[in-house]
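Counting starts at 1 for both ligands and their atoms, in listed order. What you are looking at is a predicted structure, and each value in this text was computed from that prediction instead of being measured.
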Amino acid sequence: MKTGKVEKLITSDAIAVRVSTLANTIVKSMPTDLMIVVLLRGSFVFAADLIRALHAVGMHPQVDFLTLASYGRSTTSSGKVDIVRDLTEDMKGRDVLIIDDILDSGRTLHFAKHLIEGRGARTVKTTVLLEKPGKQLIDMHADFVGFQVEDKFVVGYGLDYANYYRELPYIGTIIV
Ligand code: IMP
Ligand code: MG
């Protein structure tokens, strides 16, 4: 059981405001009938809020889930990404929005984008709640970014440390 205290970095109110402005930006550049792919597990809370914000601006997405595992956060690893649980919907001809929690090295989102393009999607755009600027090891940027955060390990609002802290309504960092 993890008992570390968490220092708040982004409040739930700030997240709610940002999610709603993101939806306003997304609706201007994507068709209403889009296919959303939620990358599990970290982005489930963000996705739940974002799809309702998209509803509020008149979008009618379908939703699918993709579980990926990325290995080797260390600099020496090959950075392999594996499919733990695959999509169930057909991506062919679809306009897809991939939702992820955080863009760090960029490997997970890069893998997901290429996988979905390879399945015949018409367009693939990406959104992340958080981005750590300058950490991307490969050339990967998200189309819609919630917040930039400094290079600290963050938890809450779906993001975990050892599968704990996902339930926090805010984003924070663990203080030992
Ligand atoms: P990337 O493939 O290096 O971009 O890493 C992306 C994934 O690593 C995210 O979807 C998260 O699940 C996880 N991750 C990266 N940084 C953090 C963090 O600070 N806190 C929690 N999870 C993180
Ligand atoms: Mg993740």
Ligand 1 atoms in contact with Asp160 (distance to a heavy atom under 4.0 Å)
21 (C)
Short list, please: which atoms of ligand 1 are under 4.0 Å from a heavy atom of Asp100?
10 (O)
Quick one: look at Asp101 and ligand 1, take heavy-atom pairs under 4.0 Å, and tell me if it's side chain, backbone, both or neither.
side chain
Residue part near ligand 1, for Val154, under 4.0 Å between non-hydrogen atoms:
both
Any heavy atom of Val155 closer to ligand 1 than 4.0 angstrom?
no
Would you give me the side-chain donor-acceptor pairs under 3.5 Å for residues 24-31, sequence neighbours excluded?
unit_1: Asn24; atom_1: ND2; unit_2: Ser20; atom_2: O; d: 3.1
unit_1: Thr25; atom_1: OG1; unit_2: Thr21; atom_2: O; d: 3.0

Within a strict 4.5 Å, meaning less than it, do heavy atoms of the Leu97 and Asp143 side chains meet?
no
State the atoms of ligand 1, each with its element, that fall below the 4.0 Å cut-off from a heavy-atom position in Lys152.
19 (O)
Atom indices of ligand 1 within 4.0 angstrom of Arg107 heavy atoms, with elements:
2 (O), 4 (O)
Verify the distance criterion only: is there a donor paired with an acceptor across the side chains of Tyr157 and Asp49 at less than 3.5 Å?
yes
Option set Tyr161, Phe111, Phe153, criterion heavy-atom distance to atom 17 (C) of ligand 1, minimum:
Phe153
CZ on Phe147 to CD on Glu131, rounded to 0.5 Å:
13.0 Å
Does His114 NE2 have over 12 foreign heavy atoms under 6.0 Å away?
yes
Nearest non-hydrogen contact with atom 11 (C) of ligand 1 belongs to which option: Leu109, Asp151, Ile102?
Ile102
Just which atoms of ligand 1 are under 4.0 Å from any heavy atom in Ser105?
1 (P), 2 (O), 3 (O), 4 (O)
Starting at OG1 of Thr88, measure out to CG of Asp90 and round the result to the nearest 0.5 Å.
10.5 Å
Quick one: look at Val81 and ligand 1, take heavy-atom pairs under 4.0 Å, and tell me if it's side chain, backbone, both or neither.
neither
Contact check, Lys132 vs ligand 1, heavy-atom distance below 4.0 Å
yes
Does the distance from a Lys or Arg side-chain N to an Asp or Glu carboxylate O, for Arg41 and Asp160, drop under 4.0 Å?
no
Could you tell me if Asp100 and Thr126 have a donor-acceptor pair between their side chains, going purely by distance under 3.5 Å?
no
